[in-house]
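Worksheet: the structure to be examined is printed underneath.
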There are 2 protein chains.
Amino acid sequence: MDDQRVGRDVGVDLAAVARLLADGTRAAFCLALLDGRAWTAGELARYAGVTQSTATSHLNLLVGGGLLADERHGRHRYLRIADRRVFELLEVLAELAPRQPVRPRSLTVATRQQALLDARLCYDHLAGAVALEIKDAMVERGLLVWDTGQPAAAALTDRGAAWFADVGIVLPASRRPPVRACLDWTERRTHLAGVVGGALCGHALAADWVTRVGTTRALRVTPLGRQALHDHLGLPIVSSATRGR
Amino acid sequence: MDDQRVGRDVGVDLAAVARLLADGTRAAFCLALLDGRAWTAGELARYAGVTQSTATSHLNLLVGGGLLADERHGRHRYLRIADRRVFELLEVLAELAPRQPVRPRSLTVATRQQALLDARLCYDHLAGAVALEIKDAMVERGLLVWDTGQPAAAALTDRGAAWFADVGIVLPASRRPPVRACLDWTERRTHLAGVVGGALCGHALAADWVTRVGTTRALRVTPLGRQALHDHLGLPIVSSATRGR
DNA sequence: ATGTCGCTTCGACCGCTGTCAAAGCATCCC
DNA sequence: GGGATGCTTTGACAGCGGTCGAAGCGACAT
């Protein structure tokens, strides 16, 4: 029993996964892909501000490590997050990550960041201030139970199911959890995810309640969307997220 | 809009946290501390097979980064995991981590690894094959509901509460979730955590159902413990985890 | 007082890894 | 065919980060 050096041999190589996210560029890629879409290699390279060759080697590592999945279409290489568990990892990680004192360099960057805070995609559902308003309104109207204790007991009520039918949103049958609480890394509060959150988001995009801002995962709530959220959930026409700024 | 380089400025520095776990030695430290105890710096150094000076610098990083907390007592420095969220991070990370083809160098190492698989501490509760047997038995006897869908609905039944009282285990009042499903990285199945899991484990240690193996987080089930688990839960005297090996 | 033990600091070394430019290869468009 | 466009490969370079030994500093024991 002279060899106390058991630490490395337990058979789980945590560091291997962590190393993949330990680089700023690779982390930026993953953060970008959090919107659940597939980005091309070039888009990611430009997004993170590196050359294509650099991006290629990073993407090879991420795909090789199982964090990302890729798909070739013609001369394009599409990247997306490989797995549900990777989303979870990124969420937990983001929760522990230090917030840098945000010091935007230019006005357009500032605006873009503000947009991210107001409304954006998080995987397949809505996040940001608007998402929180929606969730709160649904709870207040008795459409949703939202007890985020552990284990979290969040669910759609009967009135909630009726509301979805009323608005014209079909809730697909799925093995995935219908209602999930997803933690927001900017607001540090939970918002609506799961099948219900996904369906709501899909409808919001399809019905032009929200539109994408460029190729980022930021969203803009359209006047049409404001009106709809007012009609269906009683949200103010001028969002409290934009008010007084 | 010429500067597309927004990727780094979103304000969450994922890479900073990941970098802390991206080193084999630091990861080994964290894995060791997963047993929830406080280790001294020297113990950790020996465990990971590095010199004290190396350990010091790593520990400074981990404490500085908020993953570990330290406490000085005389000439000793005690380290423990800082935060509940860090445990979660390590769990998610371990789930995604590659399993190295375990090729133990010596017989004693092999035995020690096997012990880890059979029974060990995971934070404040039991893990390993024995923990799974216990959980299954409790479910079978109607002491526990165990629906690990999402959101997970696991809870103690009335009969379960009575069982704890009967065995003489006091369930402390706490804001923590009473019953939690914790994922096991060796078995890839969930076992009993939360306040109930912690209380059960505390009793098992106090009543000598299990004993620590050296300074590791491995546990050995005593004959007394085997008998108790048989009497209270109907487990076989010869564990199925040890049987036929 | 003197020695031991546990941890920290310092300095030096080395290797790994992220970066880019340039050239190469495949695909698509005209 | 010819010329973009998107991605990959290669090679060279720089810097960061992990490692150790040796010396230093407290705390504790005798």
Side-chain angles (χ1 to χ4, degrees), chain A residues 3-5 7-8 13-33 37-65 67-80 215, chain B residues 3-5 7-8 13-33 37-65 67-80 215:
Chain A
D3 184 16
Q4 275 279 26
R5 200 172 164 146
R8 324 280 194 141
D13 194 2
L14 277 201
V17 194
R19 197 158 36 235
L20 291 175
L21 296 171
D23 174 78
T25 302
R26 287 195 295 267
F29 287 174
C30 291
L31 241 19
L33 291 165
R37 297 193 309 147
W39 293 46
T40 68
E43 283 171 340
L44 289 170
R46 255 170 287 130
Y47 176 81
V50 293
T51 60
Q52 296 231 19
S53 61
T54 303
T56 294
S57 65
H58 285 308
L59 292 173
N60 287 340
L61 290 176
L62 288 168
V63 171
L67 295 192
L68 300 187
D70 63 350
E71 220 168 306
R72 315 262 174 168
H73 281 143
R75 52 184 170 182
H76 294 279
R77 181 190 192 181
Y78 287 96
L79 283 304
R80 56 183 172 78
T215 59
Chain B
D3 183 15
Q4 276 278 25
R5 200 172 165 147
R8 323 282 192 137
D13 193 1
L14 275 201
V17 194
R19 196 158 36 234
L20 291 175
L21 296 171
D23 174 76
T25 302
R26 288 195 294 268
F29 287 173
C30 292
L31 242 18
L33 291 164
R37 297 192 310 147
W39 293 47
T40 69
E43 284 172 341
L44 288 171
R46 255 170 287 130
Y47 176 80
V50 292
T51 59
Q52 296 231 20
S53 61
T54 303
T56 294
S57 67
H58 285 307
L59 292 173
N60 287 341
L61 289 175
L62 288 168
V63 171
L67 295 192
L68 301 187
D70 63 350
E71 220 169 307
R72 314 262 174 168
H73 283 144
R75 51 185 168 183
H76 293 278
R77 182 190 192 181
Y78 287 96
L79 284 303
R80 57 185 170 75
T215 60

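Here is how names work: the chains are called A, B, and so on, in the same order as the sequence lines, proteins then strands, and each is numbered from 1.
The shortest distance between side-chain heavy atoms of A:Asp23 and A:Leu61 does not fall below 4.5 Å. Between B:Leu68 and B:Leu33, the closest side-chain pair of non-hydrogen atoms falls below 4.5 Å. The shortest distance between side-chain heavy atoms of A:Leu79 and A:Phe29 does not fall below 4.5 Å.
For C:dA22, the OP1/OP2 oxygens have no side-chain nitrogen or oxygen of A:Ser53 closer than 4.0 Å. Applying the 4.0 Å criterion to OP1 and OP2 of D:dG6, one finds that A:Gln52 has every side-chain N and O outside that range.
In this entry the distance linking CG of A:Asp23 with C1' of C:dG18 reads 7 Å, nearest Å. Put simply, CZ on B:Arg72 is 11 Å from C1' on C:dG6, counting in whole angstrom units. Atoms CZ (A:Arg26) and P (C:dT17) sit 9 Å apart, rounded to a whole Å. Between A:His58 atom NE2 and D:dT9 atom C1' there is a gap of 16 Å when expressed in whole angstrom units. Rounded to whole angstrom, the span from the CZ atom of A:Arg19 across to the C1' atom of C:dG15 amounts to 14 Å. Atoms CG (B:Leu61) and P (D:dC16) sit 15 Å apart, rounded to a whole Å. Rounded to whole angstrom, the span from the CG atom of B:Leu62 across to the P atom of C:dT8 amounts to 13 Å. Rounded to an integer number of Å, the gap from CZ of A:Arg77 to P of D:dT8 is 5 Å.
A donor-acceptor pair under 3.5 Å is absent between the side-chain atoms of A:Arg80 and the main chain of A:Ala69, judged by distance alone.
The only option from B:Leu44, B:Leu20, B:Thr25 that meets the side chain to side chain contact (heavy atoms under 4.5 Å, CB included) definition with B:His58 turns out to be B:Thr25.
Nearer to the 5' terminus of DNA chain D, by closest-nucleotide assignment, is the contact made by A:Thr40 (compared with the other of B:Thr51 and A:Thr40). Where A:Thr54 and A:Gly74 meet DNA chain C, the nucleotide closest to each residue was compared, and A:Thr54 sits on the side nearer the 5' end. When each of A:Leu59 and A:Arg75 is assigned the nucleotide of DNA chain D with its nearest heavy atom, A:Arg75 is the one assigned upstream, toward the 5' end.
If you check C:dT9, D:dT8, C:dG18 against the side chain of A:Thr56, the one that comes closest is D:dT8.
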